[in-house]
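What follows is a short report on a single structure.
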Amino acid sequence: MNANPRSPFRPVASPGFAGFLACVAAITALDPGPAQGQTTHRTAMSAGVVQASPIRSQESPLTLHGAARQAVETHPSVSAARHGVDGASASIREARASRLPFLSLDGSVTRFEEQMVVAPLHGFDPTAPPAFDLTLVRGGLLLSQVLVDGGARRSRVRVAEAATGEAEAALASSEMTLLARVAEAFLQTRTLREVLDAHGSRIRALTEERDRVSRFLDQGRAARVELLRAEAALSQARADEHSSAARLEVSERELARLIGIDVGAVTDRPLANVSVRGTGLPEPAMESAEELPTTTPEVERARERVRGAEAALAAARATWFPEIRAGGAYNKFGSGEGSFTGEWQAALQISYPLFTGGGRGASVERASAGLRRAREELRLAELRYGFEVDQFRAAVVEADARTEALSAAVSQFEEVARMEALVLDAGAGVQRDLLEAEAALFGARAALAESRHAAVAARINLARARGILTLAWLDENVESEP
């Protein structure tokens, strides 16, 4: 019966003759000496390097680059940021339109209870009385242009441009954050699959040990405590497998949500291996906070907010200057009977509020406070940038060193487990030592898988912190192949 290799409820059975031969080959390759002839079923426990691969669909593996591109195309966080850029760009055109003349066409039809003058009256001539009618028809073409406004229009355009720059930085930030989240979910899923495969190898090996002790116990050649110890280790391994399977399910669901596909398409599909291409991301020197190149989207957003706040303050101050406006119009007046009279008008208007109840002063004060706040937020963004760069740079160094140390530890624990198995076969060992060696070997292998992927994730997060994480950066620095 073929059981789901990822299910924590799958039956635990012997790996079979083929798996046994593979395990024997792995151990004999470590030591081709006389110990080869002493290899028994227990060597399957020390040959955890031979991990059973889960049975998945024959579909081509999902790569990190493919998942990242699909996420950028479909995830709502990036789509919302794109719409924000579109709206901000439209606000620039709206603000610039105020620099152009205003031209409007209007008309009206008014019905009066009593007779009303329906033509312009510029004087009184008894011989030519004005036209009266119950209906007044009026149409007009109005042209208006602000000549002087103290720089208010220019400041509003600058505010809109700063808002657009902030929206573009927010889009870049959303894309970088999403790419980092996709990478973390992808790497986490791969790590947990490897850990779950290691659980399967460990459980099969412990099952063989329990069966061996059970046979020896029936023959009177083993104590019952050895069987209890083997069953306890097997139960613990199964409990750990349940935990890993649950974590894997959560990780796969998160990855599916990020890239916008059904979770079954992730569960049944293999994931390509991920590694750093070449030397990976060159590590920056230990610059001081003042020397760090602060070009990240978050810092740019803060800078654009400062620019916008400066422009808003200039717009508020412009209200203290008079506004001069030029205008012209052509109007036609007529009665309901259809007789019309037209005339043109031209005007130069100056406007200056003398008393606003303190409104103008409060507006300037509010804009000034907004500018001070924006500048402090920029300082905070620059400090946060320096902290994140240091944090992920240290994470890269730690992950690399940990991977190197764990690789050596896995090799050493493999040899310890192999030797413990041989000593126990020879009747000179203790079962507890073998089980402890196997547990240590499994823990080292799981930690190594996590550390390798953590090294890649740390570099990706460092690229995000420095503001250079893009799809092109992933193509250049990260390799994701079956």
Side-chain angles (χ1 to χ4, degrees), residues 1-27 29-30 39-58 61 187-214 229-252 266-273 406 409-410 413-414 417-418 420-421 434-453 482:
M1 180 178 68
N2 292 329
N4 181 358
R6 288 189 38 232
S7 171
F9 305 102
R10 63 176 181 267
V12 180
S14 170
F17 186 68
F20 172 75
L21 290 179
C23 294
V24 171
I27 291 184
L30 294 174
T39 302
T40 67
H41 64 279
R42 198 180 298 109
T43 58
M45 298 178 65
S46 59
V49 289
V50 182
Q51 298 179 357
S53 299
I55 301 175
R56 301 188 186 276
S57 67
Q58 299 301 318
L187 293 169
Q188 178 75 356
T189 301
R190 268 199 59 88
T191 298
L192 290 172
R193 285 183 178 181
E194 292 181 15
V195 170
L196 200 60
D197 293 343
H199 276 301
S201 298
R202 181 188 181 194
I203 288 176
R204 285 190 292 273
L206 290 173
T207 300
E208 292 240 343
E209 173 62 14
R210 182 201 59 187
D211 294 343
R212 182 196 72 85
V213 174
S214 180
R229 189 181 296 117
E231 289 179 342
L234 180 58
S235 298
Q236 180 63 49
R238 286 173 176 168
D240 294 340
E241 185 189 35
H242 295 331
S243 177
S244 296
R247 291 172 58 201
L248 176 57
E249 181 178 1
V250 173
S251 181
E252 288 178 337
V266 174
T267 302
D268 300 330
R269 188 173 180 181
L271 301 182
N273 186 36
L406 286 172
V410 167
F413 278 125
E414 286 174 350
R418 186 188 69 83
E420 289 291 348
L434 175 62
L435 296 179
E436 290 177 353
E438 286 299 329
L441 175 58
F442 167 78
R445 285 200 182 106
L448 178 59
E450 294 177 354
S451 181
R452 284 172 175 167
H453 292 154

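Shortest non-hydrogen contact noted between L271 and P61 is C-CB, 4.2 Å. When every heavy atom of F442 is checked against every heavy atom of V195, the shortest pair comes out as CE1-O, 4.0 Å. The shortest heavy-atom contact between S251 and T189 is OG-OG1, 2.7 Å. When all heavy atoms of A245 and L196 are compared, the pair lying nearest together is N-CD1, 3.9 Å. The shortest non-hydrogen separation linking A237 to I203 is CB-CG1, 3.8 Å.
Of the possible donor and acceptor atoms, none in the side chain of S451 sits under 3.5 Å from a partner among the backbone N and O of A447.
A salt bridge links E252 to R193: one of the charged nitrogens lies within less than 4.0 Å of a carboxylate oxygen. Using a 4.0 Å cut-off between a side-chain N of Lys or Arg and a carboxylate O of Asp or Glu, R190 and E194 qualify as a salt bridge.
In this structure, CG on D240 lies 9.5 Å from NE2 on H242, to the nearest 0.5 angstrom. How far CD of E249 is from OG of S244: 13.0 Å, rounded to the nearest 0.5 Å. Interatomic distance, OG of S243 versus CG of L248, reported as 11.0 Å (0.5 Å rounding).
Counting heavy atoms from C-beta outward, R210 and T207 have side chains that approach closer than 4.5 Å. S235 is not listed as a side-chain neighbour of R238, based on a closest heavy-atom distance of 4.5 Å or more. In this structure, the side chains of R452 and L187 stay at 4.5 Å or more apart for every pair of heavy atoms.
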| said: Applying side-chain contact (heavy atoms from CB on, under 4.5 Å) to E450 and Q188, what does each step give before you reach the verdict? | reply: CA-CA 8 Å; E450 294 177 354; Q188 178 75 356; over 6 Å; no
| Between R445 and E414, does a salt bridge (Lys or Arg N to Asp or Glu O under 4.0 Å) hold up when you go through it step by step? | CA-CA 10 Å; R445 285 200 182 106; E414 286 174 350; 3.0 Å; yes
